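As structure tokens, the structure follows; a few thoughts come after it.
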Amino acid sequence: MTDRQTLLDWCDATLDTARFKDYAPNGLQVEGRTGIRRILTAVTASRAAIDHAAAIGADMLLVHHGMFWKSEPATITGWKKQRIAALLAHDINLAGYHLPLDAHPELGNNAQLAARCGWLPEYRFGDQDLLAAGRNGKRGQTLTGLADDIAAALGRRPTVAGDPERVLDKLVWCSGGAQGYFQAAIDNGADAYITGEISEAQYHLANETGTVFISAGHHATERYGIQALGNAIADTFGIEVSFFDEANPA
């Protein structure tokens, strides 16, 4: 068993949370029991994840997407009340790490996505180093081939915009809902930009600039950082850690 604060301090130090200006709290969000024997990791603190944490007797639910965001109302009602009530009823801690888990050079979503897809990271840039740049592991590959590889790696067919025969050697990527960074990727000379979501405007930018845009799924691109963090915790503290996944198509 590990003390909750010891574990949280390790996470803060490992992910360097203090350097990030985030729009969600990083660390403990809902307090449960102080002793941690078993952790469940998940992308999002959904009711399904909370119920599974209770079912397996987890002491902590560790997620990438927590429950408190600056853009949301501060009131605790409806679905949010129900989630928190379930956590409190079972004395389960909820801890979340958002941007720090995206950007970590080894455990982060961007690093883990690259490893799974066979990309070769070279450097990070942009807002809080959230954008990753590197080379395609398959030289001379076209959009058609890269889309096929992403589908095989993530189990989800990506949405693409751009010339299907464009050769994609320089890649820029950012997991999750980072379509707003497409212009930064274009300015950085990317052949393709990969993220989780696409908005209407990206279709036109891809066609007009020649830089390919690939939307591979918000959930799909952020499944791997939280698992890497959980595995690192298990190795460091000897805690039982498991992962709860959901068939989220978004």
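All values reported here derive from a predicted model rather than from experimental measurement. Residue numbers start at 1 and run along the sequence shown.
Gln29 and Asn93 share no donor-acceptor pair across their side chains, judged by distance under 3.5 Å alone. No donor-acceptor contact under 3.5 angstrom links the side chains of Asn136 and Lys170, judged on distance only. Between the side chains of Thr17 and Asn26, no donor-acceptor pair is found at a separation under 3.5 Å. Judged purely by distance below 3.5 Å, without hydrogens or angles, the side chains of Gln179 and Thr195 never pair a donor atom with an acceptor atom. Side chains of Glu222 and Ser175: a donor on one and an acceptor on the other come within 3.5 Å. Neither side chain, Asp16 nor His104, offers a donor N or O lying under 3.5 Å from an acceptor on the other.
Inter-residue side-chain proximity for Cys11 and Tyr97 is flagged as met; some heavy-atom pair is nearer than 4.5 Å. Side-chain contact between Met60 and Ile92: absent, with no pair of heavy atoms (C-beta onward) separated by less than 4.5 Å. Ile39 is not listed as a side-chain neighbour of Leu61, based on a closest heavy-atom distance of 4.5 Å or more. A heavy-atom distance below 4.5 Å is not found between the side chains of Tyr193 and Val212. At a threshold of 4.5 Å between non-hydrogen side-chain atoms, the residues Arg157 and Asp148 count as touching. Using a 4.5 Å heavy-atom cutoff, the side chains of His219 and Arg156 are not in contact. Considering only heavy atoms from C-beta on, Trp119 comes within 4.5 Å of Leu146 through its side chain. Annotation: side chain of Thr142 is not in contact with side chain of Pro164 (no heavy-atom distance under 4.5 Å).
Under a cut-off of 6.0 angstrom, the local environment of CZ in Arg37 is sparse, with at most 12 non-hydrogen atoms contributed by other residues, nucleotides or ligands.
Between Phe20 and His98, the distance from one ring center to the other does not fall under 6.0 angstrom. The aromatic ring centres of His218 and His65 sit less than 6.0 Å apart. Taking the centre of each ring, Tyr203 and Phe213 stay at or above the 6.0 Å mark.
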Table please: side-chain donor-acceptor pairs of residues 75-85 below 3.5 Å, with sequence neighbours left out.
from, atom 1, to, atom 2, distance (Å)
Lys80, NZ, Met67, O, 3.1
Lys80, NZ, Glu72, OE1, 2.9
Arg83, NH1, Ala45, O, 2.9

For residues 126-133, which side-chain N or O atoms pair as donor and acceptor with protein atoms under 3.5 Å away, sequence neighbours left out?
from, atom 1, to, atom 2, distance (Å)
Asp127, OD2, Tyr181, OH, 2.7
Gln128, OE1, Lys21, N, 2.7
Gln128, NE2, Lys21, O, 3.0

Show me the donor-acceptor pairs within less than 3.5 Å that the side chains of residues 227-239 make with the rest of the protein, sequence neighbours left out.
from, atom 1, to, atom 2, distance (Å)
Gln227, NE2, Arg223, O, 2.8
Asn231, ND2, Gln227, O, 3.3
Thr236, OG1, Ala232, O, 2.8

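Proximity of a side-chain donor or acceptor of Ser199 to a complementary backbone N or O of Ala201 within less than 3.5 Å is not detected. Not one N or O on the side chain of Asp169 forms a donor-acceptor pair closer than 3.5 Å with the backbone of Arg135. Formation of a donor-acceptor pair under 3.5 Å by the Lys70 side chain with backbone atoms of Asp22 is found in this model.
Partners of Thr2 under the side chain to side chain donor-acceptor pair (under 3.5 Å) rule, at least two apart in sequence or in another chain, do not exist in this structure. By the side chain to side chain contact (heavy atoms under 4.5 Å, CB included) test, Gln5 is found to be paired with Asp3, Leu8, Asp9, residues two or more places apart in sequence or in another chain being considered. Here Arg116 pairs with nothing under the salt bridge (charged side-chain N to carboxylate O under 4.0 Å, His left out) rule; sequence neighbours left out.
Smallest separation of non-hydrogen atoms from Gly196 and Ser215: O-OG, 3.0 Å. Of all non-hydrogen atoms in Ala206 and Ala161, the two that sit nearest each other are CB-O, 3.4 Å. Smallest separation of non-hydrogen atoms from Thr221 and Gly176: OG1-N, 3.0 Å. Looking at every heavy atom in both residues, Ala42 comes nearest to Ile226 through O-CG1, 3.7 Å. For the pair Ala216 and Leu154, the tightest heavy-atom approach, listed with the atom from each and the gap, is CB-CD1, 3.9 Å. Of all the heavy atoms in Val241 and Thr41, the pair that sits closest is CG1-CG2, 3.8 Å.
By the rule that hydrophobic residues join a cluster once side-chain heavy atoms approach within less than 4.5 Å of another member, Ile214 and Leu205 end up as members of separate clusters. Taking hydrophobic clusters as Ile, Leu, Val, Met, Phe, Trp and Tyr residues chained together by side-chain heavy-atom distances below 4.5 Å, Tyr224 shares a cluster with Ile150. Both Ile36 and Phe243 belong to a common hydrophobic cluster when Ile, Leu, Val, Met, Phe, Trp and Tyr are linked at side-chain heavy-atom distances under 4.5 angstrom. By the rule that hydrophobic residues join a cluster once side-chain heavy atoms approach within less than 4.5 Å of another member, Phe182 and Ile194 end up as members of separate clusters. The hydrophobic cluster containing Tyr123 does not contain Leu168, counting ILVMFWY residues as joined when their side-chain heavy atoms lie under 4.5 angstrom apart, directly or transitively.
A salt bridge links Arg33 with Asp59: the closest approach of a Lys/Arg side-chain nitrogen to an acidic carboxylate oxygen falls below 4.0 angstrom.
How far NE2 of His52 is from OG of Ser242: 5.5 Å, rounded to the nearest 0.5 Å.
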